[in-house]
Amino acid sequence: MLDSKSKTTLRRNLLRWFDANQRDLPWRENRTPYRIWVSEIMLQQTQVATVVNYYRRFLERFPTVKELAAAEQSEVLKLWEGLGYYRRARQMHAAAIEVVEQHDGQFPTDFDSVLALPGIGRYTAGAILSISLDQKLPILEGNTIRLYARLLGMKSDPRTSANQKILWEFAESILPSQRAGDFNQALMELGSEVCKPKTWQCAACPIQNICPTFVKGLQAEIPAKGRKITYEDLYEAALLVSRRRGGQQRWLVRVCGPEERWTGLWDFPRYQIDHRQSAATIADSLQETLADRTGLKAELTVVGKPMRHAVTKYRIRLSCFEASSIKGRLKKQATETRWCAIEELRQLPMSVTGRKIVNRFLG
DNA sequence: AAACCGGGGAG
DNA sequence: CTCCCAGGTTT
C-alpha cells in the first residue's frame, strides 16, 4: 500500500495530468447518467476508438432512456451490429424498460438500484455514478488493474479473487473527496494511454516517482500473465439458398435462438462440416442436411474462398455454398426463418460473418 | 475459479 | 500469429 503522502501526490498529479491530457470523447460532452451508462456498456471489453461512432449513432437514435425502452430489440441490435457481446445490448434494452417501469423513466442515482439493473456490475455502477454525479465510488477494470498492480508492485496474478479484493480496497483508499469521477476517468486514461501492457511510457507518467515497478524496471513482469487461450479449429458451411418470389430474389435466413451464439441476430443456415472431404462430397452431405432440416432440395456448389473468423475459443473457417434450382416447401422451423430480399437483409441485425457474406456475394 | 460471450486493433 | 480491451453472468 502507498503511504498517505504518496496518495496525496497521486491525486494531485493525476488530476492535473487529466486536465491537460484528457481526450475529446462524445460521452464527455454532456454527462448525464443515461449517456454515461450507454458509454460504459459499449466500452466493456471494447476499445475507445471502436466505440466512438457506435456511440454517436446510438445516442442520435435513442437520446433518452425512454426512447430506448420504446424501441424493438431488433433495432437496438442493429445499432450494435459488429460491436460484439450482443448480450450487452439485449440487457441494456431490458434495463431501459425496467427504468421506465420501476423508476418512472429516471435513471436511478443510488448505487444499489443501479447495481440491480441487468448488465451492470460493481465496476459499471461505480463508473456511471462517479462520472455523471461525482459520487465517491471506486472502480476496477482492465486498465486500473494493470495500473494498480504496478503501483503496488504486486507480483502475483492480480486477477485472483484475493488480489481483486486488495485492488478494490486500494481503489477506494485513493479516491479524492472532490472530483471522484474525473479521478476515475484519469486512472483509466492513464492506464490506457501511458501505463500500457507492453509499450509502457513511463517517461510521460505523472506518478512515476511513486511507482515501485518503474523504479525497479519490472514493467515486463507486472502484472503477471494469465494463462493464454488456445483456439480450436472449427469448420462450417454457410448456405446461400435463394428463390424468386414477387419478382425478386430472396435468401433464406434464420434468427439465432437463446441457447446459441448471436442470440437475436440473423444468419444464413450454417452447419459443421468435415473439412477433410472434397468440396463435392461436402456439398452432397450438405444437400441431405438441408433437406432434412428445412425440407428444401437444392444443388449446392462452393463459392469463393473460406472466410476466417475467431470467436471466444474457436477459430472458424466458413465455406459458403450457393444453392440452385430449389425444390420443396420450407418446413415449419423451431427457430424463426424467413425469405428476405436484399433490402431486408440490409436492415436486419446480422452476425459479422453473415454481414460479410451479404456484402461479398449478394451485394 | 473457470467458462462463456465477439470483434477489432496493435505489435 | 498473440495479446488485450472502461466486464457481467453463469456454471
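Everything numeric in this text was worked out from a predicted model, so none of it was measured. Excluded from the calculations below are hydrogen atoms, water molecules and symmetry mates; all remaining heavy atoms, backbone and side chain alike, are included.
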For atom C1', what is the distance between C/dG8 and B/dG9, given to the nearest Å?
23 Å
Please state the C1' separation for the pair B/dA3 and C/dA6 - nearest whole angstrom.
22 Å
Please confirm whether A/R254 makes a cation-pi placement over A/W266, using NZ or CZ under 6.0 Å from the six-membered ring centre and within 45° of the ring normal.
no
Using the six-membered ring wherever Trp is involved, compare the ring planes of A/Y235 and A/H275 and label them parallel, tilted or perpendicular (cut-offs 30° and 60°).
parallel
Comparing A/V48 with A/G119, nearest DNA chain C nucleotide closer to 5' gives the residue A/V48
Is A/D274 paired with A/R276 through a side-chain N to carboxylate O contact shorter than 4.0 Å?
yes
For C/dC3, take OP1 and OP2 only and decide whether either is under 4.0 Å from a side-chain N or O of A/R146.
no
So if I take residues 133-143 of chain A and measure heavy-atom distances to DNA chain C, which residues fall below 4.0 Å?
A/E141, A/G142, A/N143
Does any non-hydrogen side-chain atom of A/N30 lie less than 4.5 Å from one of A/R35?
yes
Do A/E75 and A/K78 meet the salt-bridge criterion of a basic N to acidic O distance under 4.0 Å?
no
List the atom pairs, with distances to 0.1 Å, where a side-chain N or O of residues 116-128 of chain A and a protein N or O form a donor-acceptor pair under 3.5 Å, not counting sequence neighbours.
residue	atom	partner	partner atom	Å
A/Y123	OH	A/E40	OE1	2.7
A/T124	OG1	A/Q44	NE2	3.1

Decide yes or no for A/L68 and A/M92: does some side-chain heavy atom of the first lie under 4.5 Å from some side-chain heavy atom of the second?
yes
Would the A/F62 and A/F58 ring centres measure less than 6.0 Å apart?
yes
Just wondering, more than 12 heavy atoms not from A/K327 lying within 6.0 Å of its NZ?
no
Donor-acceptor pairs under 3.5 angstrom involving side-chain atoms of residues 289-310 of chain A: please list them, not counting sequence neighbours.
residue	atom	partner	partner atom	Å
A/T289	OG1	A/S285	O	3.0
A/T294	OG1	A/L290	O	2.7
A/T294	OG1	A/L296	N	3.1

How many Å lie between CZ on A/R122 and C1' on C/dG8, as a whole number?
14 Å
Mind calculating the distance between CD1 (A/I229) and P (C/dC1) to the nearest angstrom?
13 Å
To the nearest angstrom, how far is A/I41 atom CD1 from C/dA6 atom C1'?
10 Å
Please check if any side-chain donor atom of A/S242 sits under 3.5 Å from a side-chain acceptor atom of A/Q249, or the reverse.
yes
In this structure, how many angstroms lie between the P atom of B/dA3 and the CD atom of A/E232, rounded?
13 Å
Heavy-atom contacts under 4.0 Å between residues 159-171 of chain A and DNA chain B, which residues?
A/S161
A/Y54 OH to C/dA6 P: how many Å, rounded?
17 Å
Using the rule that two of Ile, Leu, Val, Met, Phe, Trp, Tyr join whenever any of their side-chain heavy atoms come within less than 4.5 Å, decide whether A/M1 and A/L167 are in one cluster.
yes
Tell me what A/R355 touches on the nucleic acid: a base, only sugar-phosphate, or nothing, going by heavy atoms under 4.0 Å.
nothing
Return the residues of residues 24-38 of chain A meeting this criterion: a heavy atom under 4.0 Å from some atom of DNA chain B. Order them by number, or give none.
none
To the nearest angstrom, the CG-C1' distance between A/L43 and C/dC5 comes to 10 Å
Starting at the 5' end of nucleotides 4-11 of chain B, put B wherever the base has a protein heavy atom under 4.0 Å, S where only the sugar-phosphate does, and a dash everywhere else.
BBBBBS--
B/dG8 to C/dT9 separation - C1' atoms, rounded to the nearest Å
23 Å
Is the distance between the ring centroids of A/Y148 and A/F170 less than 6.0 Å?
yes
Any donor-acceptor pair under 3.5 Å linking the side-chain atoms of A/S130 with those of A/K136?
no
